[in-house]
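Shown next, in C-alpha cells, is the structure this report addresses.
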Amino acid sequence: MQDSDAIKLRILILISFLCFGFVNGQNYNVLNFGAKGDGQTDDSKAFVEAWNATCGGEGDMKTLLIPTDKTLLLQPVAFEGPCTSTSIKIQLDGDIVAPSNQKAWSNSQFEMWISFTTVSGLIVVGSGKINGCGSSFWEQKVSQRPTALHFTKCDNLRISGITSIDSPKNHISIKACENVAISNINLLAPEESPNTDGIDISDSTNVNIFESTIQTGDDCIAINTGNTNINITRINCGPGHGISVGSLGANGENAIVSDVQVTSCTFNQTTNGARIKTFPGGQGYARNISFEDITLINAKNPIIIDQHYVNTQRLDAAEDSAVAISSIKFIGFRGTTPNENAITLDCSATTRCKDVVMDGINITMADGEKPKVECKNVDGKSEDTILMRDCFQNA
Ligand SMILES: *[C@@H]1O[C@H](CO)[C@@H](O)[C@H](O)[C@H]1NC(C)=O
Ligand SMILES: *[C@@H]1O[C@H](CO)[C@@H](O)[C@H](O)[C@H]1NC(C)=O
Ligand SMILES: *[C@@H]1O[C@H](CO)[C@@H](O)[C@H](O)[C@H]1NC(C)=O
Ligand SMILES: *[C@@H]1O[C@H](CO)[C@@H](O)[C@H](O)[C@H]1NC(C)=O
Ligand SMILES: *[C@@H]1O[C@H](CO)[C@@H](O)[C@H](O)[C@H]1NC(C)=O
C-alpha cells in the first residue's frame with residue numbers, strides 16, 4: 001500500500017510539473033493592463049503593472065508584449081528584479097516614446113529613463129523603436145541627462161532587433177552585467193547631439209556586441225573600467241566618435257580593463273576610430289586589447305592612444321602615475337582619412353605603452369599620401385617598417 005501511495009505521489013508531482021509546463025510561454029500584453037498606446041496618454045502605470053505581473057508570474061519564460069502599431073508614452077520607469085522566473089522576454093513590436101520635451105518629464109533630473117536592475121535572463125527583442133526625444137535636453141546643455149535604456153546587474157541579458165532614436169544621453173548603458181549579447185540593433189542620434197554614446201559598458205564580463213549600426217553624437221561604444229572579455233564584431237559606426245576604451249583613470253581612479261576584441265568594424269565619417277584614452281594621474285591597467293580588420297571611410301583619427309586626455313577640470317593634472325597600457329594590437333586598418341595626423345600613440349612617460357603591435361595599416365589621404373604617425377613613449381613592433389619607422393624606441 002505504501003508503495004502504491006508513493007507511486008501516486010510521484011504521478012501527482014509529474015502532473016503538476018506538466019501543468020507548470022502549460023503556463024510556460026505566457027504573454028502579458030500591456031493593453032490588457034490599461035495602456036492606451038496612442039503616444040499621447042501616459043502609459044507608465046499600465047507598463048509598470050504589466051511588468052509586475054510578468055516579473056511575479058509563474059512559468060519559466062514569460063513575455064511582456066508591446067504590440068505592433070501601438071506607441072507607449074513613458075515617464076521615467078524603473079523595473080526591478082529579481083523575478084520569479086529564470087527568463088523574461090520583452091517583445092517590443094510597437095514603439096516607446098519619451099515625453100516630447102524636458103518640461104513634460106515628471107522628473108528630468110533622473111539619470112535614467114527606462115532602467116532594469118537585477119533582472120537575470122532578460123531578453124529585449126522586436127523591431128520596435130524607442131524614441132528618447134532628447135533634443136530639448138541637448139539644446140539646454142543641462143549636465144544631468146537621462147540615459148535611454150539602463151541595465152544594472154542583469155546577467156544573461158540579450159538585446160536584439162530594436163532601434164533607439166535621439167536618446168537624451170547614452171542610448172544604452174550596461175553596468176555590472178555578466179554574459180550579455182547585443183545584436184542587430186540600430187542606435188541613431190544626430191552627429192552634433194552631445195554625449196549620446198551608443199553603448200556604454202562598465203564593470204561587466206563576457207559582453208558580445210555584433211552586427212549593429214550606430215550613428216550618433218559621441219562614442220559608438222565606450223568600454224569603461226571594470227570590463228573584461230568584451231567582443232565587438234561587425235559594427236557600422238558613424239557618424240560618431242568611434243569605439244573607445246575609456247576614458248580611464250579620472251580623479252586617480254584604479255582602472256581595470258582587459259581582453260577586449262574589436263573585429264570587422266567600419267568607421268564611416270567618424271572623429272575617431274580605435275581609441276584608448278586615459279587621464280593623467282590614474283592607476284591600474286588596460287591590457288590585451290585588439291582592433292582588427294577595420295574599414296575606414298574618411299575617419300579623422302583612425303588609431304589613437306591618448307594618455308594625456310584631460311577635461312577642463314584637470315588641466316593641471318600632474319603625470320605622476322598613469323593607467324598602464326599593454327598588449328595592444330592594431331591590425332588590418334584600410335581606408336581613408338582627411339587628417340594628416342591620423343595615427344597618434346601618445347603614451348605616458350611613467351608607464352609607457354608596452355607590447356604594441358601595428359600590422360597591415362593602409363590608410364590614405366584624399367591625395368593618395370600616407371598620413372603621419374606620432375608616437376610618444378611606445379614599445380612595440382610593426383611589419384609596416386616605413387610607416388612606423390620612427391615609432392618604437394625599443395626596436
Ligand atoms: C509594482 O511592484 C512594486 C514592487 O512590488 C510595487 O512597489 C509597486 O507599487 C507596483 N506597481 C504597480 C503599479 O502595481
Ligand atoms: C566574438 O563574436 C563573434 C560574433 O558573435 C564570434 O564569431 C566570435 O567567435 C567571438 N569571439 C570570441 C573570442 O568570443
Ligand atoms: C586576450 O583576449 C582574448 C579575448 O579577447 C582572449 O581570448 C585571450 O585569451 C587573451 N589573451 C591573454 C594572454 O590573456
Ligand atoms: C558612409 O556614410 C555616408 C554618409 O552618411 C553614407 O552615404 C554612405 O553610404 C556610408 N558608406 C558605407 C559604406 O556605409
Ligand atoms: C593600400 O590601399 C590602396 C587603396 O585601397 C591600394 O591601392 C593598395 O594596393 C593598398 N596597399 C597595400 C600594401 O595593401
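Counting convention: from 1, in listed order, for ligands and their atoms alike. Worth knowing before you read on, the calculation uses all heavy atoms, side chains too, and leaves out hydrogens, waters and symmetry mates.
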(message) How about C391 and C375 - are their SG atoms less than 2.5 Å from one another?
(response) yes
(request) Mark up the atoms of ligand 1 that fall under 4.0 Å of a heavy atom belonging to E49, in ascending order. (result) 12 (C), 13 (C), 14 (O)
(request) Using a distance threshold of 4.0 Å (strictly less than), state whether atom 11 (N) of ligand 5 has a protein heavy-atom neighbour. (result) yes
(message) Applying the side-chain hydrogen bond (donor to acceptor under 3.5 Å, both in side chains) criterion to K370, which one of T364, N362, T337 satisfies it?
(response) N362
(request) Take atom 14 (O) of ligand 5 and look for protein heavy atoms under 4.0 Å from it; say yes if you find one, no if not. (result) yes
(message) Would N229 count as being in polar contact with ligand 3, using the rule that some N or O on each side must be under 3.5 angstrom apart?
(response) no
(request) Under 4.0 Å from a heavy atom of Q261: give me the atoms of ligand 3 that qualify, with their elements. (result) 4 (C), 5 (O)
(request) Please determine if K370 has a nitrogen or oxygen closer than 3.5 Å to a nitrogen or oxygen of ligand 5. (result) no
(request) Determine, counting only non-hydrogen atoms of the protein, whether one lies under 4.0 angstrom from atom 8 (C) of ligand 1. (result) yes
(message) Over 60° means perpendicular and under 30° means parallel, so tell me whether F137 and W105 are parallel, tilted or perpendicular.
(response) perpendicular
(message) Check C83 against C55 for me: are their SG atoms closer than 2.5 Å?
(response) yes
(request) Quick one: closest heavy-atom pair of R145 and N195, and the distance? (result) NH2-OD1, 2.6 Å
(message) What I want to check is whether the side chains of N208 and N231 have a donor and an acceptor closer together than 3.5 Å.
(response) yes
(request) May I ask you to decide if the ring planes of F330 and F291 are parallel, tilted or perpendicular, using 30° and 60° as cut-offs? (result) parallel
(request) Could you find the nearest protein heavy atom to atom 4 (C) of ligand 1 and give me its residue, atom name and distance? (result) N52 ND2, 4.6 Å
(message) Could you identify the single nearest non-hydrogen protein atom to atom 6 (C) of ligand 5 and state the distance to 0.1 Å?
(response) N362 ND2, 4.1 Å
(message) Protein non-hydrogen atoms only, distance under 4.0 Å: does atom 2 (O) of ligand 5 have such a neighbour?
(response) yes
